[in-house]
Amino acid sequence: MLIPVIIGVTFIVYSIMFFTPGDPALIILGENAPEEQVEKLREEMGLNDPFIIQYLRFLKNALKGDFGRSYSTRKPVFNEVFSRFPATLKLSTAGLLLAVAIGIPIGIISATRQYSLLDSITMVLALLGVSMPNFWLGLMLILLFSVRLGLLPSGGDVGFASLILPAITLGTGVAAIITRMTRSSMLEVIRQDYIRTARAKGVAERRVINKHALKNALIPVVTVIGLQFGYLLGGAVLTETVFSWPGVGRLMVEAIKQKDTPVVLASVIFMSVVFSIVNLLVDILYAFLDPRIKSQYR
Amino acid sequence: MSDNILEIKDLVVHYITDEGVVEAVNGLNMTLKRGETLGLVGETGAGKTTTALSILRLVPNPPGKIISGEIHFDGENLLELSEEEMRSIRGNKISMIFQDPMTSLNPVMTVGEQIAEGIEIHQGLSTDEAMEKAHEMLELVGIPRERAIDYPHQFSGGMKQRVVIAIALACNPSLLIADEPTTALDVTIQAQVLELMRNLREEFNTAMILITHDLGIVAETCDKVAVMYAGEVIEYATLEQLFENPKHPYTIGLFGSIPSLEHDVERLKPIKGLMPDPTNLPSGCPFHPRCSHAQDICKERKPIVTNIEEGHMVKCLIYEGVIEAKEVL
């Protein structure tokens, strides 16, 4: 599945980049470059060929592992993307850990006290968390903690302090999703017969929840966490931009602005591959959580 | 210490829902002697399972609530115990076998762990010792001990019910409640499981409440029978008394609706009508809308317990001498 998906993705991205206004040659040489010089560069880069020829040429090179060079820096694009990846990984992991640390416990508490005041408050907050746009939350956090209170840096990757605000920004929405998922999954599980069996054995309520219910309830939650991690790795674009975080997302935004097609394509392909790998890892993790799946593959 | 292990007095359990109050159990009385087996018989919705869950205080709350009554177990009123005291009884002195073995085992724990858990909690054994005991329990119910590391989905239905039985008997309880333990199993497996339960009960001298709607199982297994209708016990007798001399029109109707080998009957006579809606029970005798002997007084007056003979009780106005039966019962 991975290969056709990536070919499709590259085709769409390539078309968008091709048909939007802006001439890469002009961008490289500057607005005021003489016409003949621009024309020469165009010819050199093959920019005068028809769209489909250009696309196929790109695909042929890509299959050989050559994704071209950045129009602006003239460096191989994949190195560029790779050098940005650790920053993105750091931010996504921080955001995800935060979301898991908040979402799962709150989801469990909320489920065990369904319809209580606490549960209602949690659900309203979760709804807010899901609906709040990242860039807006990021800006508000910067306004409060950086501008007003001057407590935390507003951007860049300069040590742990600079990680806090972007991680909160990124983690909020995910925490809300995990909370809701944990709650609904938990609610379903605690109505199952085997929970009643556990209670009838004289197991204490705490252990019923933490041992008998949680492992069953976590199976769907893990799927969601995996999907969200995939999105975070690829979709931290807005957050990275707001906080000038030097990650893959921001690299892509800059590349789009400069119409640096090879960098955009390489970023997109990279994100798709990472997303697929994360999903694969989640599937493998499944087998450890659910013995029914493990025995299917035996 | 009395020789009654269990005495239930005037138990009332309601489920309070948005659609109305479901009157599941209405003034139920019942006694059970040590080592005895009581069959609790009745149609779906008669309140059998709710009664059983009340004894363990596991009626799901909300919406369920034990409104009033007393449940004396070994001389203690269970309804007055703290949650912690109640926990030390569940799975230890009283255990329960649930209806559907397919869903009553935790799918992500090995069966060994699930059996050992109760032993570990109640007998203060270490994890290893509890697991050893769990292996013995598995062998006792006819499953090789090597299978303790397997998960429930690797067992068949009948095997799962054996595991459930092993869990229930692990701490050698003095009362075992079996809620339709064989309904979800096919007939040959039913016989095996019943046989197993009978043998183990005799071995451990456990008192048992067997909930079922199968009179055949009652005849094979029980010493006493309580017939439930709309949340009450309407007839209570020994097995012989009930099978040879059923008194309540409902009980007679139950026997009339099963085929008999001895008597050649043209057509079975099902009881007409349906179980009353528990949110809106009929006034007077709850059975009157379906009873062929019913008269006007049955709509108003609630029958009280009448003793037919030693150990045979019935709730019907006919035996109070208030009305006469339309035909000979």
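So you know, we letter chains A, B, ... as the sequences are listed, proteins then strands, and number each from 1.
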For [X] and [Y], which heavy atoms make the closest approach, and how far apart are they?
X        : Y        : answer
B:Leu58  : A:Arg199 : CD2-CB, 3.7 Å
A:Ile219 : B:Val108 : CD1-CG1, 4.3 Å
B:Pro107 : A:Pro291 : O-CG, 3.3 Å

Quick one: of [options], who has the most non-hydrogen atom pairs under 4.5 Å with chain A?
options                              : value
B:Glu84, B:Met109, B:Gln99, B:Glu117 : B:Glu117
B:Ser104, B:Ala168, B:Gly118         : B:Ser104
B:Met96, B:His122, B:Arg57, B:Met86  : B:His122

Could you tell me whether [X] atom [atom1] has more than 12 heavy atoms of other residues or ligands within 6.0 Å of it?
X        : atom1 : result
A:Glu188 : CD    : no
A:Leu280 : CG    : yes
B:Arg198 : CZ    : yes
B:Lys93  : NZ    : no
A:Phe82  : CZ    : no
A:Lys90  : NZ    : yes

Is it the backbone or the side chain of [X] that comes under 4.5 Å from a heavy atom of chain B, or both, or neither?
X        : answer
A:Arg207 : side chain
A:Gln114 : neither
A:Ala198 : neither

Would you say [X] and [Y] make side-chain contact, with heavy atoms under 4.5 Å?
X        : Y        : answer
A:Thr197 : B:Phe98  : yes
A:Lys201 : B:Gln114 : yes
A:Arg196 : B:Leu53  : yes

Worksheet entry | Polar side chain donor-acceptor pair, A:Asp193 to B:Thr103, under 3.5 angstrom | yes
Worksheet item: Is it the backbone or the side chain of B:Leu105 that comes under 4.5 Å from a heavy atom of chain A, or both, or neither?
Response: backbone
Worksheet item: What part of B:Ile89 lies closer than 4.5 angstrom to a heavy atom of chain A: side chain, backbone, both or neither?
Response: neither
